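These notes concern the structure reproduced below.
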Amino acid sequence: MKEIKKIAVLTSGGDSPGMNAAIRAVVRTGINEGYEMVGSIRGYHGLISGEIVPLHSRSVSNIIQRGGTILKSARCKAFYEKEERKKAYEKMQTIGIDALVVIGGDGTFTGAKLFGKEYGIPIVGLPGTIDNDLYGTDFTIGYDTAINTVMEAVDKLRDTAYSHDRLFIIEVMGRDAGFIALRSGIATGAEIILVPESPTYIDEMLYKLEKDWKKNKTSGIIIVSEGDDSGGAMEVEREINEHFPDFETRVSILGHIQRGGSPSAMDRVLASTLGNAAIMTIKDGVSGVMLGMVDNEVELTSFEKSIKHHQHIDLELLDMARVLAI
Ligand code: F6P
């Protein structure tokens, strides 16, 4: 195998709080191990266009607490095309990049898997997404911050829900997975949590609301994942209004606020640990894997597996939430 001298790091897909902490850990560990470190701007786009910046210890000062990503991020559709990956490879050869650390989700690892196989480039991945839907890690970088952001927003909404005797239907992110809805719902004592992993029966939901009302609940919170089969918060509100015209409802779609903000301590520590381990993994000659934290240990999962499998939501937690919301 070719000697590795220069390593590039990039962030790709939807950004998540803690990506900067991961970049910092990758860069500083790399420098400590004697590698030259560079960053690719806007994920894979930077590799294709040659927008590569040098990264020194000081380039990553004062970023551990910052949300977003200093390297910028993008969902690079072009990278799915063989021709574009060839361009990226050629640019890497010209610049002298020998290995890659990619931070992102499923799409990022799909690109990495193809690229690594085609050109034999050592690539390791770090799980960066607020959705927590990646197989091979208990938690992804950004998830903890996102659920805390949701929790703070819902606490505020509950204040006004209580004052006005209103039912709030709050939509949270998670196109394909309900992890954000599940844990933020438990943390805020939501009356109802709707997630894509469990079918939503509107009749059941209406029955629960009616029961709550009879038990003198005069306000409430429904958390619905954007990917839920109910169709989302607006649709849930429409059903409720149709059946209970006396209920006063409001919808709040939290949106991209969930993707920003200063990372929590948990996310900073996770990002730092995995960022550090990413460089050591490359140094050990291992490639084509995503690093994750499983039962407090760093674990490696092949890109293939991490893409193919999905992290399963704990449905027992959903049952528990139902009991606690009576
Ligand atoms: O994958 C992370 C995520 O935030 C999803 O929860 C959400 O559905 C999606 O990205 C939104 O993507 P975009 O920023 O492209 O609108």
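Fair warning: this is a prediction, and the values are worked out from it, not measured in the lab. Order of listing sets the numbers, starting from 1, for every ligand and every atom in it.
- Between Tyr143 and Phe179, the angle of the ring planes goes over 60°, which puts this pair in the perpendicular group of the 30/60° scheme.
- Considering Asn148, Thr145, Thr140 in turn, Thr145 is the only one that fulfils the side chain to side chain donor-acceptor pair (under 3.5 Å) rule with Asp267.
- The existence of a salt bridge linking Arg175 and Glu226 is excluded, since no basic side-chain nitrogen approaches an acidic carboxylate oxygen closer than 4.0 Å.
- Among protein residues, Arg75, Ile130, Asp131, Met173, Gly174, Arg175, Glu226, His256, Arg259 come within 4.0 Å of ligand 1, judged on heavy atoms.
- Between Glu90 and Lys87, no side-chain nitrogen of the basic residue sits less than 4.0 Å from a carboxylate oxygen of the acidic one, so the salt-bridge criterion is not met.
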List the atom pairs, donor and acceptor, that lie under 3.5 Å between side-chain atoms in residues 155-162 and the rest of the protein, sequence neighbours left out.
unit_1, atom_1, unit_2, atom_2, d
Arg158, NH2, Thr188, O, 3.2
Arg158, NH2, Gly189, O, 2.7
Arg158, NH2, Glu191, OE1, 3.3

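- For the pair Ile222/Leu194, a side-chain contact is recorded, criterion being any heavy-atom separation below 4.5 Å from C-beta on.
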